[in-house]
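Taking it in order: structure first as structure tokens, then the write-up.
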Amino acid sequence: MARFAKFLAAGLVVVIAGVVWKGNQAYRAAADDFVPRATRFVAPSVVDGHETMTLVTKGGLHIAASFVPPKNEVVVLLGHGSESSRVQLWGDLELLAKAGFGVLVLDWPGNGESEGPIKLGTPEREAFTAAVDFLSARPDVKRIGAYGFSQGGGLLTMFVADEPRVTSLLAVNAWSDKVSQMRYGWKRLGEVQELPVEWATRANVEGGNANALAAAPKLKGKKTLFIASCADEVVPPSNSSELATAAAGDLQTATGAS
């Protein structure tokens, strides 16, 4: 009986150690999403009129961007996803520029060539505002729209909601809030990984969470379209539906993960 108890105790220790290891692994991986990653910008292709520039935020951060002037007085502001840079949306920049639209695509703070921490709050909002200020001051810009992919969609949902100078928004695979999105991406082992991921996210995001769904109702009156990929394993497809409903906007679904 004593030997069985020892065996049982040893087995329990192994199980607990495994749970702790899995939880720690998830916490560290989630926290790593918020570590700034500097990457040098190299344009994937030549686009007529393209120029690189640096915007300066209210807080003094230098934000790297690429700009193509409009031929039709309309500019689209692009926001890339997490752990990426403006290069991620270069194909979209090409298509829009060829159609005559102006394009301004940022490296979010802490990404690409932009300075700053990754907080999904004030640094990103001030980068967005600096971009809108730049565009609004140009005589060849009469209308500004926004397009965000994944995390860029979540951020732009929050920021466009408070910015009257941006009149339309397209968000693809946008999250409704960062905590639930991170938990969804680590749902394989349930609470063993989801809880540490939530703790890491709340520890790194300004204010403990970034909530696009709470901001979405303020988008009513603007033209909005939310697109969800049904097979997305990183952002719950239901998030786009929730955002579209809250914003009184349009919703489209697509097959595939991105």
Side-chain angles (χ1 to χ4, degrees), residues 30-43 49-70 75-90 93 102-141 144-167 169 171 174-175 177-179 200-212 214-215 218:
D32 190 57
D33 284 358
F34 299 93
V35 175
R37 289 173 173 80
T39 56
R40 190 169 70 88
F41 172 73
V42 178
H50 166 253
E51 59 180 297
T52 59
M53 62 175 51
T54 301
L55 303 170
V56 181
T57 71
K58 180 181 177 181
L61 294 179
H62 290 77
I63 302 299
S66 285
F67 177 61
V68 179
V75 174
V76 183
L77 175 58
L78 307 185
H80 64 78
S82 62
E83 299 182 74
S84 189
S85 71
R86 62 191 132 140
V87 173
Q88 183 183 51
L89 299 180
W90 196 258
L93 178 146
V103 188
L104 179 60
V105 55
L106 308 174
D107 284 340
W108 288 118
N111 293 272
E113 294 185 329
S114 289
E115 297 177 340
I118 300 172
K119 301 301 292 182
L120 310 187
T122 300
E124 290 81 4
R125 185 178 290 274
E126 290 186 351
F128 166 80
T129 299
V132 176
D133 287 346
F134 164 75
L135 294 173
S136 297
R138 290 183 62 93
D140 58 346
V141 176
I144 304 171
Y147 160 58
F149 174 72
S150 193
Q151 183 151 284
L155 291 173
L156 288 178
T157 296
M158 294 192 299
F159 303 157
V160 171
D162 295 322
E163 179 50 80
R165 294 174 293 178
V166 180
T167 58
L169 170 68
W175 37 250
D177 78 275
K178 185 60 179 176
V179 168
T201 303
R202 291 193 182 280
N204 285 280
V205 175
E206 183 180 295
N209 198 6
N211 197 327
K218 291 186 286 185

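Starting from 1, each residue takes its place in the sequence as its number.
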For [X], give me all partners under side-chain hydrogen bond (donor to acceptor under 3.5 Å, both in side chains), at least two apart in sequence or on another chain.
X    : value
D177 : S180, N209
D107 : R86
R138 : D140
D162 : R125, K218

Are the side chains of [Y] and [X] in contact, using a 4.5 Å heavy-atom criterion?
X    : Y    : answer
V141 : S136 : no
F149 : S84  : no
L78  : V76  : yes
I118 : N111 : yes
M53  : L104 : yes

Practice task
Would you please test K178 and Q151 for side chain to side chain contact (heavy atoms under 4.5 Å, CB included) and show each step?
Solution key: CA-CA 8 Å; K178 185 60 179 176; Q151 183 151 284; 2.7 Å; yes

Nearest heavy-atom neighbours spanning [X] and [Y]:
X    : Y    : value
V179 : G208 : CG2-O, 3.7 Å
P36  : P117 : CG-CA, 4.4 Å
T157 : A171 : OG1-CB, 4.2 Å
G154 : A212 : O-CB, 3.6 Å
S150 : G81  : CB-CA, 4.4 Å
G112 : S85  : CA-CB, 3.9 Å

Practice task
List the steps, then state whether side chain to side chain contact (heavy atoms under 4.5 Å, CB included) holds for H80 with L106.
Solution key: CA-CA 8 Å; H80 64 78; L106 308 174; 5.8 Å; no

[atom1]/[X] to [atom2]/[Y] distance, rounded to the nearest 0.5 angstrom?
X   : Y    : atom1 : atom2 : value
S82 : R37  : OG    : CZ    : 9.0 Å
D33 : T201 : CG    : OG1   : 7.5 Å
D32 : E83  : CG    : CD    : 6.5 Å
K58 : D133 : NZ    : CG    : 11.0 Å
I63 : T54  : CD1   : OG1   : 9.0 Å
L77 : F134 : CG    : CZ    : 11.0 Å

Exercise for the section: Decide yes or no on side chain to side chain contact (heavy atoms under 4.5 Å, CB included) for F34 and L120, but give the supporting numbers first. Expected result: CA-CA 9 Å; F34 299 93; L120 310 187; 4.0 Å; yes

Problem - Residue list, salt bridge (charged side-chain N to carboxylate O under 4.0 Å, His left out) with E206, at least two apart or on another chain - result: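 With neighbours one apart ignored, the set is empty.
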
If only atom types and distance count, is the side chain of [X] paired as donor or acceptor with the main-chain N or O of [Y] below 3.5 Å?
X    : Y    : value
E124 : G121 : yes
E115 : H62  : yes
S114 : A64  : yes

Practice task
Just do the side chain to side chain contact (heavy atoms under 4.5 Å, CB included) check on T129 and R165 with the steps written out, would you?
Solution key: CA-CA 10 Å; T129 299; R165 294 174 293 178; 4.3 Å; yes

Exercise for the section: Measure up the W90 and F41 rings against each other and bin them: parallel (under 30°), tilted (30 to 60°), perpendicular (over 60°). Expected result: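 W90 vs F41 ring planes: tilted.
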
Practice task
Anything under 30° is parallel, anything over 60° is perpendicular, the rest tilted; go ahead and classify W108 against F159.
Solution key: perpendicular

Fill in the blank from the handout: Hits for ring pair (Phe, Tyr, Trp, His ring centres under 6.0 Å) against Y147, two or more places apart or cross-chain, chain-then-number order -> none

Fill in the blank from the handout: Only one of V132, L155, V166 passes side chain to side chain contact (heavy atoms under 4.5 Å, CB included) with V160, and that residue is V166

